[in-house]
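For reference, the structure discussed in these notes is given below.
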Amino acid sequence: MPARDSFHSVMRIGPVQIGTHRDHTGRTAHAAVCTADRCGWSADYSSRTAAQLAARTHRCTVR
C-alpha cells in the first residue's frame with residue numbers, strides 16, 4: 001500500500017509555502033515551494049529551520 005501523499009503544518013513566507021510530509025523512505029521531510037507564476041522553484045529539506053531559511057532568502061528570477 002503506497003504512503004499517503006499529504007502535507008501538514010503548512011506555512012507561508014512571502015510567495016513560498018513550506019509543508020511537512022513523509023518522504024519515500026518514511027522519514028519526515030520539509031518541502032519549500034515557490035507559488036509565484038512561472039517560477040518553478042522547490043526543494044526538500046531535512047529540517048524545518050533549513051526550509052524556512054531557504055524561503056526567506058529565495059528570490060524569484062521571473063518578474
Side-chain angles (χ1 to χ4, degrees):
M1 181 171 151
R4 290 183 7 205
D5 189 20
S6 62
F7 290 89
H8 58 91
S9 301
V10 177
M11 68 179 295
R12 179 182 282 275
I13 298 176
V16 179
Q17 282 189 334
I18 300 169
T20 304
H21 67 100
R22 297 277 181 186
D23 66 4
H24 64 280
T25 61
R27 289 180 282 191
T28 300
H30 307 277
V33 178
C34 184
T35 59
D37 289 340
R38 296 179 289 144
C39 180
W41 177 82
S42 67
D44 281 335
Y45 297 94
S46 59
S47 72
R48 189 162 186 88
T49 305
Q52 289 174 356
L53 178 63
R56 286 187 178 95
T57 59
H58 171 68
R59 299 290 177 254
C60 294
T61 57
V62 179
R63 296 282 174 188

With side chains defined as the heavy atoms from C-beta onward, is the minimum distance between Cys39 and Pro15 less than 4.5 Å?
-> no

Would you give me the side-chain donor-acceptor pairs under 3.5 Å for residues 51-58, sequence neighbours excluded?
residue	atom	partner	partner atom	Å
Thr57	OG1	Leu53	O	3.0
Thr57	OG1	Ala54	O	3.4

Test side chain to side chain contact (heavy atoms under 4.5 Å, CB included) applied to His21 and Thr28, step by step = CA-CA 6 Å; His21 67 100; Thr28 300; over 6 Å; no

Taking atom CD1 of Ile18 and atom CZ of Arg48, what is their separation to the nearest 0.5 Å?
-> 6.0 Å

What pairs with Thr25 under side chain to side chain donor-acceptor pair (under 3.5 Å), at least two apart in sequence or on another chain?
-> Asp23, Arg27

Only pairs under 3.5 Å count here: list side-chain donor-acceptor contacts from residues 7-14, not counting sequence neighbours, and write none if there are none.
residue	atom	partner	partner atom	Å
Arg12	NH1	Gly14	O	3.4
Arg12	NH1	Thr35	OG1	3.2

Please identify each residue that fulfils side chain to side chain contact (heavy atoms under 4.5 Å, CB included) with Ser42, with sequence neighbours left out.
-> Val33

